[in-house]
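Both ligands and their constituent atoms are indexed starting at 1 by order of listing.
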Amino acid sequence: MKKILVLGGYSAISQAVLELLAKEEVILYLVGRDIQKLEIVRDHLNSIGRSQVYIEAMDLNKIEEHRALLERATKQMNGLDLLFVCYGVLPNQKKLEQEPEKALDNYFTNAFSTINFVSLVANYFESKGKGTIAVVTSVAGERGRKSNYFYGSAKSCVDTFLEGLRHRLFSKGIKVVTIKPGIVDTPMTANLERKTLMAKPERVAQDIVKAFEGRKSVVYTPWIWRYIMLIVKLLPGGIFYRTDF
Ligand SMILES: NC(=O)c1ccc[n+]([C@@H]2O[C@H](COP(=O)([O-])OP(=O)(O)OC[C@H]3O[C@@H](n4cnc5c(N)ncnc54)[C@H](OP(=O)(O)O)[C@@H]3O)[C@@H](O)[C@H]2O)c1
């Protein structure tokens with residue numbers, strides 16, 4: 001049975017992914033801040049599939065507790081095959097422009113806590129000679145834009161980190177997958193005015209589950225975002241800086 005550790009066990013995207021995973025015989029270890037939300041997800045998964053589900057409440061910003069968390073999860077599941085990282089915050093861009101001192105939470109949650117836990121799991125997988133690390137970042141990390149560059153810069157930090165980690169682990173049989181969703185209809189984006197090209201979590205989840213088994217290192221979801229971002233990245237500054245997105 002595949003053993004899967006999910007950080008952000010009740011994020012909307014994770015829930016859609018878990019819905020698909022739970023159809024198989026898998027062992028799941030879900031981590032999130034709120035034990036009651038985790039219990040709801042666990043009970044639902046138990047009712048729809050054949051998976052074995054463990055839950056643990058933790059604020060993942062508490063990086064000093066990461067080693068113990070990994071030990072508990074690997075002990076409980078008797079190993080680990082896949083780490084899926086799918087949590088984060090969308091900070092208020094306008095507020096941080098005026099109060100950059102408050103940006104730490106964004107960088108800590110969206111970048112550093114992820115980097116810390118992924119590093120520990122990378123070492124664990126390296127010692128076993130196998131494993132998959134899949135991390136949800138964002139297309140927002142591809143080019144800084146005025147509407148969300150605090151969030152985007154944290155995500156691009158993780159992108160660059162994962163690229164380096166992939167390079168390190170390439171010859172060791174360990175897969176590192178970067179998953180870049182476009183805009184997804186979740187609580188995180190509930191307050192956004194722009195709804196163009198917004199995908200449902202269920203659509204994105206299909207691509208994510210495929211990515212766990214596939215050969216791609218970087219997956220855009222839905223696929224159209226690969227081409228949208230290609231154009232966005234190629235736009236010369238003289239045009240890009242006049243746009244309003
Ligand atoms: N929605 C989009 O358009 C979009 C696009 C690209 C990438 N993403 C990425 O997809 C991932 C999942 O987000 P989502 O869209 O599914 O939104 P979501 O439902 O709001 O999920 C975000 C989750 O992160 C959790 N979280 C935040 N800080 C945490 C911490 N310190 N410790 C533990 N958990 C923490 C939240 O838990 P609480 O409820 O307890 O705060 C929440 O469950 C995120 O990495 C996000 O950046 C989303």
Can you tell me if [X] and [Y] form a side-chain donor-acceptor pair at under 3.5 Å?
X      : Y      : result
Ser14  : Tyr87  : no
Glu202 : Gln206 : no
Gln93  : Tyr151 : no

Sub-3.5 Å donor-acceptor pair from the side chain of Thr178 to the main-chain atoms of Asp159, do we have one?
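No, Thr178 side chain to Asp159 backbone: no donor-acceptor pair under 3.5 Å.
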
Whether Thr109 side chain and Asn106 backbone form a donor-acceptor pair below 3.5 Å
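It does not hold such a pair.
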
Taking the ring of Tyr227 and the ring of Tyr220, is the distance between their centroids below 6.0 Å?
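Ring-ring flag for Tyr220/Tyr227: false, centres at least 6.0 Å apart.
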
Ligand 1: which residues have a non-hydrogen atom closer than 4.0 Å?
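Residues Tyr10, Ser11, Ala12, Ile13, Arg33, Lys37, Met58, Asp59, Leu60, Asn61, Cys86, Tyr87, Gly88, Val89, Thr109, Val136, Thr137, Ser138, Tyr151, Lys155, Pro181, Gly182, Ile183, Val184, Thr186, Pro187, Met188, Thr189 each place a heavy atom under 4.0 Å from ligand 1, listed by chain and number.
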
